[in-house]
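Okay, so here's the structure we're looking at.
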Amino acid sequence: MTPADDEITRAVAKLLRVPDRWRDFQINHHRVTKGYRIGAALLEKLLDLGLPHRSVAGERMFDSLDLQNVSLDLRLPSFVWMGMRSWGRMLEEMDRRGRLVMSVRITARCPEPGHPGQCQFAFDTRKLADFAVGSLTKHNAQSYSVQASVTGTPLCLGSVFEPIVKAAGEMTYHILPEPLGSDLTFFTDSGLADCHLGSLHLATVARQQEIPLRSATGYYIARPYPVRHAWVELEVNGERHAADPFFLRALSGWGIISPDQWPADRCLDGLLWKLDSAEQLISHRDSPAETSIMISSAPVSVKP
């Protein structure tokens, strides 16, 4: 489907709220078409409207984050859009199947290749307490697997959460350069936020209104790879619940999920794994080891 002219205009105007100094012009014309699914005619429209670019050796070069945001805003079949759709499919599957049991493979790399003696890896099983089912399987010194139980909930947080939902509705989702992802002044000036900046802003709103809420970081449980994410946690009757009104609004705004099925105040308990970094899982000689996580693409559903 060809994007409408007004959609294209809005997409470029949103890009231009980000100062040029944060751009890194590394993407050539071939990659614009192949990776971001922006055809020649659409690219010319974007350029006419002011899409930032630089000329390097006579070739136009573009910023990757600009292109990712354009592909999201215009719903182009890029890797970014497909990734967001996979998040939505996970939510839908959770509703359809109930509790999911998936295989999680966790592998570490030696941070000191060539060191004397053997590698000494250690796994911190406490980091799996939120969703692990059964015991950890060790495949070799640096590779492990565990069954993960992911259970959704229809719980909605209701009136106590209304100011947070309202604040989430006043933000516009935008993939940001990492330094801006913690810059609340940038949000105030632009109205743009990624998941991390959004969670910080919502935590600020909560403090101002004395709502027992805090920001959290970790992973969204998705296949085949969990995705780094940030959300908020709200305390209700002594229990903490994970919620993400900002991102649920973004997904429903893109038409990926139904706002009736996934209202902005619905809890995401079970789908969000609180973990500062995958490197916390496995250590090598008492130092964090570079770690990758893969989740099986064939979950088994079981009754709650």
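Because the structure is predicted, anything quoted here is derived from the model rather than measured. FYI, the numbering just counts along the sequence from 1.
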Can you tell if the side chain of [X] reaches within under 4.5 Å of the side chain of [Y], non-hydrogen atoms only?
X	Y	answer
L67	V70	no
E92	M90	no
P259	L248	no
D194	I175	no
M61	I27	no
F25	D20	yes
M294	T107	no
E235	L213	no

Could you tell me whether D66 and R23 have a side-chain N and a carboxylate O separated by less than 4.0 Å? yes

Does the pair K45/D5 count as a salt bridge with the N-to-O cut at 4.0 Å? yes

Specify the closest pair of heavy atoms between [X] and [Y], including all atoms of both residues, with the distance to one decimal.
X	Y	result
P245	I164	CG-CG2, 4.1 Å
P177	W22	CG-CB, 3.7 Å
V12	L51	CG1-N, 4.0 Å
L180	L197	O-CD2, 3.5 Å
S86	G83	OG-O, 2.6 Å
A222	I295	O-CD1, 3.4 Å

Under 3.5 Å, is there a donor-acceptor pair between the side chain of [X] and the main chain of [Y]?
X	Y	value
T291	A289	yes
T188	L184	yes
R17	S190	yes
Q142	A108	yes
R249	D244	no
Q261	S258	no
S71	Q68	yes

Any chance you could lay out the side-chain hydrogen bond (donor to acceptor under 3.5 Å, both in side chains) test for D24 and Q26, step after step, and finish with the verdict? CA-CA 6 Å; D24 184 16; Q26 297 288 333; 3.1 Å; yes

Starting from the C-alpha separation in whole Å, work towards a yes-or-no answer on salt bridge (charged side-chain N to carboxylate O under 4.0 Å, His left out) for R54 and D63. CA-CA 9 Å; R54 292 288 182 272; D63 174 69; over 6 Å; no

Find out if a path of hydrophobic residues (ILVMFWY) with successive side-chain heavy-atom gaps under 4.5 Å connects [X] to [Y].
X	Y	value
L49	L16	yes
V227	Y225	no
L155	W231	no

Does any pair with a residue in [range] pass ring-ring contact (aromatic ring centres under 6.0 Å, His included), and if so which ones, sequence neighbours excluded?
range	value
residues 135-165	F123-Y144
residues 88-117	H115-H284
residues 163-196	Y173-F246, Y173-F247, Y173-W254, F187-H201

Crowding at [atom1], [X] (>12 non-hydrogen neighbours, <6.0 Å):
X	atom1	answer
R266	CZ	yes
N140	CG	yes
F79	CZ	yes

Please report the C-alpha distance between K274 and E233 in whole Å, then the side-chain angles of each, then the deciding distance to 0.1 Å, and finally whether the salt bridge (charged side-chain N to carboxylate O under 4.0 Å, His left out) criterion is met. CA-CA 10 Å; K274 192 174 180 180; E233 292 180 337; 3.2 Å; yes

Geometric class of the H229/Y220 ring pair [parallel <30°, tilted 30-60°, perpendicular >60°]: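 Perpendicular: the ring planes of Y220 and H229 meet at over 60°.
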
Go through E59 and R31 one step at a time and tell me if the salt bridge (charged side-chain N to carboxylate O under 4.0 Å, His left out) criterion holds. CA-CA 12 Å; E59 183 175 16; R31 293 172 63 191; over 6 Å; no

Under the criterion salt bridge (charged side-chain N to carboxylate O under 4.0 Å, His left out), I'd like the reasoning laid out for E93 against R223: C-alpha separation, chi angles, the key distance, then a yes or no. CA-CA 12 Å; E93 190 171 4; R223 302 186 306 269; 2.8 Å; yes

Taking atom CG of D183 and atom CG of L192, what is their separation to the nearest 0.5 Å?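 Reported to 0.5 Å precision, the distance equals 11.5 Å.
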
Can you tell which of S292, S145, S143 makes a side-chain hydrogen bond (donor to acceptor under 3.5 Å, both in side chains) with R105? S143

